[in-house]
Structure formats: C-alpha cells, structure tokens
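Since this is a predicted model, take the numbers as computed values, not measurements.
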Amino acid sequence: MDKLHENSFVINIASVNGSGTQTANSVLLRSLFRMGVPVGGKNIFPSNISGMPTWFWIRANSKGYVGATSRADIVLAFNPQTFEADQSCLGSGGFFFYPEGKTAGKSVRPDIVAVPIPLQSLTDKIVAPIKIKKLAANMIYVGILSELLTIPQEIVRQVVNDQLEKKTSALQPNLDALDIGRQYARENLQHLAWPFVARTTDVPRNQVMMDGNTAAALGLLAGGCQFISWYPITPSTSVVEHFERFAKGTRKDKDGKNNFAVIQAEDELAAFAMVLGAGWAGTRALTATSGPGLSLMAEGAGYAYYAEIPAVVWNVQRLGPSTGLPTRTAQGDLTFSAHLSHGDAKHVLLFPGSIQECFEFGQTCFDLAERLQQLVIVLSDLDLGMNLWSSEELKSAPVRYDRGKVLSPEDLDKLTHFHRYEDQDGDGICARTLPGNSHPRAAYFTRGSGHNFRGQYSEKAEEYSDNILRLQRKWETAKKLVPAPEIKSNDNKEGMIYFGSTSAVVEELTELLEQKNQKFDLCRIRAYPFSPGLEDFMKEHEAVYVIEQNRDGQMKALLAQAYPQWASKMVSILHFDGTPVTAEGLRHKILNLRGEA
C-alpha cells in the first residue's frame, strides 16, 4: 500500500455491544464529515442489550461512494470473541489495530500489518472515576486514528464538545483521552508505512448528516402530521421519539399547550385503530412500525381500504419472518404490504431511497392518503432508517397540503344530495365530509361491511361488485398521482430496476460493471402502483435485472403481476442475509449469472 489514498479508506471498528463505543465512532465519522470528506457510517449491532459482537463501519470515498462495502483497509479489533474473524475483511497489507495483552493464544495473519496498542496503560492516564474512565477509553482510538489520518485536532475536539456538552462530567475525560491517543500515535506509530490521509475539502454549507428515521420525523412534522399512535418496535421507534421531540419545540398553541398528540397504544392493532379514528376525523395521522407490528395491523388495513379512510404506516423493514433478526436490514415486506388484508385489497406503497426522500415523503404520504382516501405504507428499512447518511440540506417543497375531496358546508349548499360512496368524477374517488360539518346533508355512515354508494348496508351482489370495481378505478387513478420512477437511459439493451436503500450503491455498481464492458439503463422505483413510465422501461429493454433485498423476488413478483407480458424479461438479483447491500456483492452476482465472473 505505497500509494497515497486521499479521502478514500474504509474503517471497521469491532467491539462488544454495550461497551460505549457509539459516541467515539460517531465523533470519528462526524469529524470527517465536517472536513467535507464524503463519508457514511454503518452500525451492525445485535438485538440483545449487551455482550454480543458489534461492528461500526466508516467509509470515506473521494467519488462519493459511501454505501456499504465488505472490505476494510483498517480494522480496530476490540472484541476478543471476533479477533481472528475480524481479519477476514482486510486485504493483504491492511492495518489491524488491537489492544496489547488481550489476545493471548490468538494469531494475526502474516500478510497484514499488526498494530498492538497498550490500551490499558493509556487508559490509566485518564483522570476520572472508573465508570467514566472505562467509557472515555474509547476516545483513545479516535485520537490515534485522527492523528494518523491528519484530521485537524480542533475539528475533533469541537465534535467531542458537541456530542458531550450536556454530559459535563464526561467531557474533559474524553478530551483527555483524545489527546492521549494523538500523542501516542505521534510518538510510537510514525514507523508505519501509512497510506491514508483525510484532506479538508470545500465544505458545502448545505450538507447535513443524519439517519433516515430522523429525516422522516422532520418530514412528518413539515407534512402536517398531527397525531401518532404507536407501539415501540425496532427499528422504527426513533421515528416517533424524534417526531415528539421536534413537535414539542414547534407545535404549541398561544397558551403553550401541545397541538399534536403522540399516544403509546397497548399493541399495534390498537395503534392502527387510533390512526383510523383520527384519519376519519380529518387529522393527518400515522403509526410507525416494523414487520411484526405490520402483521398485527392487517385487519385494520382492510377496513381502511374498504371504508376509505386516510391512514399512513411508516414501516422500517427488518429481517423476518416472525421475530427474525430485529437489527438486520431487509426489503421483505413488499408483497405483504401491497395486499395487507384478506379479500381484494391494494395499498399504495412509497419507497424512499435517500435521506431527502425520507423527508419529502413525510408530506407525500399524507397527500396521497387524503387524496385517495386510503392507506399508504411507506417502506423504509433499517439501513436507511438507523444508519448515518450525508445529504443536501432538507427542504420542503413549496406545495400546499392536498386534502383531497373534502366538502365544506358551502360545497354542500351547491349539491342536491351527498352520497358518501358515489363516484361523481369517474376517477374512483368519492367526496367526503368531516365531523363538525353542521350542514344537514353532511352526515353519512362509514361502513367496513357491504354497502352501496349511499353508504347503506347492502348484501346485493351487484352493489358489492360496483363498489369493488370503483375501488379498482381509484387504483388506476393512483398510478398518475404517486411519485414517478427515476429513469436514466443511454439506449442500452438491458436495464436495471432497484429501489429503497439499494440506491446508495447503484452508481458504484454501474462503474464496476462498465469495467467489464457491461452497461445498463437504470430505473429507480419510488412507488406502487407503478407509474406508466415503468412499463415503457420494461418494453424497451431485452432484459431487466431487478435488484432487491429479499429471498423471493417480491418486487419482481409485483412487476410480473402488473406487466405479465414482460415477465419473461425479468431477472432477479437478490441479497437477503440482513447486511447492507454492497456494490461489489451485486457485481459478482450479476457477472456470475452472465457467466462472466
């Protein structure tokens, strides 16, 4: 590794869950970010409280490729349980840091650079109570790496101050540990043939770093959300926690009282039922959950569809089925979400692919739910929702809220009658009134049982058929309202379809494939039902590779259902082990499938 790698390196920090490394890892990541270095972080952590292995990956890349990768240049091995296995992600010549004296009987590969650190003696220099000293010791490796990478000391110290400003007893010990690590690197590690350096770039003033759940909470706030009912579940909990925190600072009436509500229900079905009540009353309402919670909401989802009540579920997907692996990522809830209910039901799905879209879809989901008067499910995932990503500053689109066909008393004055389930415009969407409308013609029955266009109970076969066919017309209308796919076409013979967090690695993937003279046009799906442009993309290409993070090719199944005439063109590229998808992994699968690996 004699070539200088400027702003391009991968660090893997292996530790034990509950050992307090999260703050130190965040300081290192955010210090690079403040230098303007393109960087991203991935936290691979267990679902138990403490004691199990955890890894934090930091990827800096001068081209901006900061999606997941399976190869590291630098490993910090602080977990004896995984000491030897953690070497496997290093290529020949990689750097392997580990605490001296903690690895008796364990060996280091001869083709990598072993860097033992006297962590205990360095920790002894920290002046603090034992509990604080133990946690502050993690900042020693931040000091070592920041010195080797030439991260300016003032930047790292400022990030530490920002992270710990409310923990005054821990601030100085952590700053001391940082200095101890830097001094040790200066005095003892200059012999390393160290090829990595972080250089300050023109730092964009409009860049932010956050996780998708935080961006979602901000988007829901900007999108007019007034009510959230929920039951805590990994990895969606922080969506609600952040929303409540932000709303407490911004959603007060003139008397200082909250003009929003967040309620923890007894279970997910109850949470969804509350959303239905709030949506029926005219409130922008949501629940956040993950796969097991979504399973419990199926009955309510069918009611929302047939009674035509606006509702939103923000589903942060994790690995299933059943409890599965709660802290691993997946895209496995597609087909279940699309038809969540018994009987014939179809729900609008949104697939955010970035921090910006997590924010934007905070309004889009409510606009669609109210315009279409039905359930909208946003399918984020753990990788996008809980990991840190850089993004341009989040900005709300200058668009008014779309409340759909809501009749006021003045509107009703102009009508000879109002029938709740009557399609006046031919688009499948009926007008509704909201509670509190005092007009004599405003009242109606909301029915999840058989009903006719007047809202009257009915078991007549023809009236049921008319109603269910009208809902199908509404589905056709939805195709024109949902976010259209993003298509990049260079007249290549083959295409590639992807969605969600996979978006982070596609640009890198296409570069790797082009090195093998493999070129693809690209289509990123952002919503279901599929917009008309997607069918054109299918039609225009000889083969279409569908990339998704599940075992059964669920997106491919939805595409084949929508476009059976093009189903033979579709080829599944699947990743489903719970780890974030990587460009090199997808490249290998595509080339192997084509016999060119």
In terms of heavy-atom contacts, F9 and V197 come closest through CE2-O, 3.9 Å
H541 (side chain) donor-acceptor with Y545 (main chain) under 3.5 angstrom | no
Spacing of CG belonging to L325 relative to OG1 belonging to T579, to within rounding of 0.5 Å = 11.0 Å
Got a sec: does the CE of M210 have more than 12 other heavy atoms crowding it under 6.0 Å?
-> yes
Do the charged groups of K556 and E548 touch, with an N to O distance under 4.0 Å?
-> no
Spacing of CZ belonging to F95 relative to CG belonging to D73, to within rounding of 0.5 Å | 9.5 Å
With sequence neighbours excluded, give me every salt bridge (Lys or Arg N to Asp or Glu O under 4.0 Å) pair touching residues 8-30.
-> none
For R59 and E508, what are the C-alpha separation, side-chain angles and deciding distance, and is it a salt bridge (Lys or Arg N to Asp or Glu O under 4.0 Å)?
-> CA-CA 13 Å; R59 185 182 186 189; E508 181 181 8; 2.7 Å; yes
Taking NZ, NE, NH1 and NH2 as the nitrogens, is one of them in K519 or E514 under 4.0 Å from a carboxylate oxygen of the other?
-> no
Please set out all donor-acceptor pairs under 3.5 angstrom arising from side-chain atoms of residues 137-152, sequence neighbours excluded.
unit_1, atom_1, unit_2, atom_2, d
N138, ND2, S19, O, 3.2
N138, ND2, G20, O, 3.1
N138, ND2, L135, O, 3.0
Y141, OH, N25, OD1, 2.6
S146, OG, V142, O, 2.8
S146, OG, G143, O, 3.0
S146, OG, R182, NH1, 3.1
E147, OE1, R182, NE, 3.0
E147, OE1, R182, NH2, 3.3
E147, OE1, R186, NH1, 3.4
T150, OG1, A198, O, 3.3

Which residue pairs pass the salt bridge (Lys or Arg N to Asp or Glu O under 4.0 Å) test with at least one member in residues 378-395, sequence neighbours excluded?
-> K42-D383
Just jot down the salt bridge (Lys or Arg N to Asp or Glu O under 4.0 Å) partners of K589, sequence neighbours excluded, or say none.
-> none
Sequence neighbours left out, what passes salt bridge (Lys or Arg N to Asp or Glu O under 4.0 Å) with R551? Give chain and number order.
-> none
Verdict with reasoning, F520 to Y498, per ring-ring contact (aromatic ring centres under 6.0 Å, His included) | CA-CA 12 Å; F520 295 83; Y498 59 99; over 10 Å; no
Partners passing salt bridge (Lys or Arg N to Asp or Glu O under 4.0 Å) against E511 (at least two apart in sequence or in another chain) = K63
Is any side-chain N of the basic residue among D179 and R157 closer than 4.0 Å to the acidic one's carboxylate O?
-> yes
